[in-house]
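All heavy atoms count here, side chains included; hydrogens, waters and symmetry mates do not.
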Amino acid sequence: IDETGKITGLTEEGKLATEIIIPEEINGTTISGIGNDVFKDNTNLTEVVIPDSVNTIGNGAFSGCSNLKEIQIPNSVEKIDSYAFSDCESLQHIEIPSGIKEIPYGVCNNCENLESIILPKSIEVLSEWSVGCHKLENLYYKGTMEDWLNIKIKSVYSNAMIYASNFYMLDGHNQWYEVTSIEIPD
C-alpha cells in the first residue's frame with residue numbers, strides 16, 4: 001500500500017487466492033483505494049469483498065480477471081476508473097454503488113456473461129462502459145424517469161439500454177417495475 005492507503009500490489013499469497021476479503025486496515029493504515037491494475041489478469045480470483053473504507057477503484061483494477069464471478073462494492077466508493085472490470089468474463093451481475101456520479105469509458109466492456117446491472121440514482125454521466133456485454137438481459141436503475149432523462153449519455157453506445165433486453169426502475173413503493181416505453185419531453 002502507498003502512503004494514502006491505496007493498494008498498489010498483491011503479495012504472493014494474494015496473487016494465488018480465489019476469494020479475497022480486503023481488510024479495512026493493513027499495518028495501521030486505512031485502506032482507501034484499489035490502485036490501477038492491482039488485480040489485473042488474475043485468473044485465480046473468483047470473489048472479492050471491498051471494505052467500506054475504500055472510496056476509489058483504479059483504472060483496470062480488476063480487468064481481465066476472467067474467473068471473477070462476484071464483487072461486492074460498498075457505497076463508500078465514489079469513483080470507479082476506466083476499464084476497472086473490463087474482460088471479467090465470468091461476472092454475471094454488478095451493482096454500481098450509490099455515490100458514483102460517472103461511469104467512465106470501458107468499465108464493464110467485454111464482460112461476456114454479464115446478465116444484470118444495477119445503476120444508482122446518483123449517476124450523472126454515462127460513457128461507453130458496457131460494450132461487448134452480449135448477454136446483458138436486465139438493466140436496473142434506482143432513480144425516476146426524470147432522473148434517467150437528465151443523465152448525460154455521451155454516445156449511443158453509452159446507453160446500456162441498447163444491449164439490455166429489459167429496463168427496470170423503482171416505483172413509489174420501492175418495487176421494481178419494467179419500463180416498456182419512454183416519453184421524451186419537448
Side-chain angles (χ1 to χ4, degrees), residues 1-10 14 20-27 29-42 45 47-66 68-89 91-111 114 116-133 136 139-144 147-155 157-161 163-164 170:
I1 61 173
D2 68 13
E3 64 280 350
T4 67
K6 188 178 288 184
I7 297 173
T8 57
L10 298 176
I20 294 180
I21 298 174
I22 299 171
E24 289 208 13
E25 187 177 289
I26 296 176
N27 298 328
T29 301
T30 300
I31 302 303
S32 64
I34 299 168
N36 296 346
D37 301 326
V38 169
F39 292 91
K40 185 176 181 169
D41 296 327
N42 183 333
L45 197 58
E47 182 179 348
V48 176
V49 177
I50 299 172
D52 290 335
S53 59
V54 169
N55 54 41
T56 61
I57 298 175
N59 187 14
F62 296 93
S63 178
C65 293
S66 57
L68 182 64
K69 293 179 182 171
E70 186 175 340
I71 186 155
Q72 295 177 26
I73 309 168
N75 286 329
S76 60
V77 173
E78 297 173 345
K79 184 176 183 195
I80 299 174
D81 285 334
S82 295
Y83 303 102
F85 306 105
S86 66
D87 300 300
C88 291
E89 298 167 4
L91 194 62
Q92 295 179 334
H93 170 80
I94 191 165
E95 181 168 354
I96 304 298
S98 65
I100 299 294
K101 293 186 188 303
E102 179 174 356
I103 300 184
Y105 187 85
V107 165
C108 291
N109 280 7
N110 300 315
C111 292
L114 190 64
S116 68
I117 299 169
I118 299 176
L119 295 176
K121 180 181 178 177
S122 60
I123 293 292
E124 296 173 359
V125 178
L126 288 174
S127 294
E128 293 178 25
W129 61 283
S130 61
V131 175
C133 298
L136 186 60
L139 175 64
Y140 297 89
Y141 177 62
K142 290 185 172 182
T144 64
D147 297 330
W148 180 260
L149 293 174
N150 285 317
I151 294 173
K152 180 181 179 186
I153 297 176
K154 290 191 171 183
S155 83
Y157 300 108
S158 302
N159 189 345
M161 285 177 29
Y163 305 108
L170 289 175

When you measure from the side chain of [X] to the backbone N and O of [Y], does any donor-acceptor pair fall under 3.5 Å?
| X | Y | value |
| --- | --- | --- |
| S76 | D52 | yes |
| S86 | S63 | no |
| S122 | I100 | yes |
| D37 | K40 | no |
| D147 | K121 | no |
| T56 | G33 | no |
| S82 | N59 | no |

With a 4.5 Å cut-off on side-chain heavy atoms, are [Y] and [X] touching?
| X | Y | answer |
| --- | --- | --- |
| P97 | I80 | yes |
| I151 | Y141 | yes |
| I73 | I94 | yes |
| L114 | F85 | no |
| I20 | F39 | yes |
| I1 | N27 | no |
| Q72 | E47 | yes |

Practice task
List the steps, then state whether side chain to side chain contact (heavy atoms under 4.5 Å, CB included) holds for L45 with F62.
Solution key: CA-CA 9 Å; L45 197 58; F62 296 93; 4.2 Å; yes
Exercise for the section: Give me the ring orientation class for Y83 and Y105: parallel if the planes are under 30° apart, tilted from 30 to 60°, perpendicular past 60°. Expected result: perpendicular
Minimum heavy-atom distance [X]-[Y], with the two atoms named:
| X | Y | result |
| --- | --- | --- |
| P23 | P51 | O-CG, 3.6 Å |
| A84 | G58 | CB-O, 3.9 Å |
| A61 | G35 | CB-O, 3.7 Å |
| S127 | E102 | OG-OE2, 3.9 Å |

Pairwise distance [atom1]([X]) to [atom2]([Y]) - rounded to 0.5 angstrom:
| X | Y | atom1 | atom2 | value |
| --- | --- | --- | --- | --- |
| I50 | I71 | CD1 | CD1 | 4.0 Å |
| I31 | E24 | CD1 | CD | 9.5 Å |
| D87 | L68 | CG | CG | 12.0 Å |
| E128 | N109 | CD | CG | 8.0 Å |
| W129 | L119 | CH2 | CG | 4.5 Å |
| N110 | C133 | CG | SG | 7.0 Å |

Problem - Whether over 12 other heavy atoms sit under 6.0 Å from I26 CD1 - result: yes
Exercise for the section: For a side chain to side chain contact (heavy atoms under 4.5 Å, CB included) with V77, tell me which candidate from I57, N55, I34 qualifies. Expected result: I57
Problem - Option from Q92, E95, H93 for which side-chain hydrogen bond (donor to acceptor under 3.5 Å, both in side chains) with S116 holds - result: H93
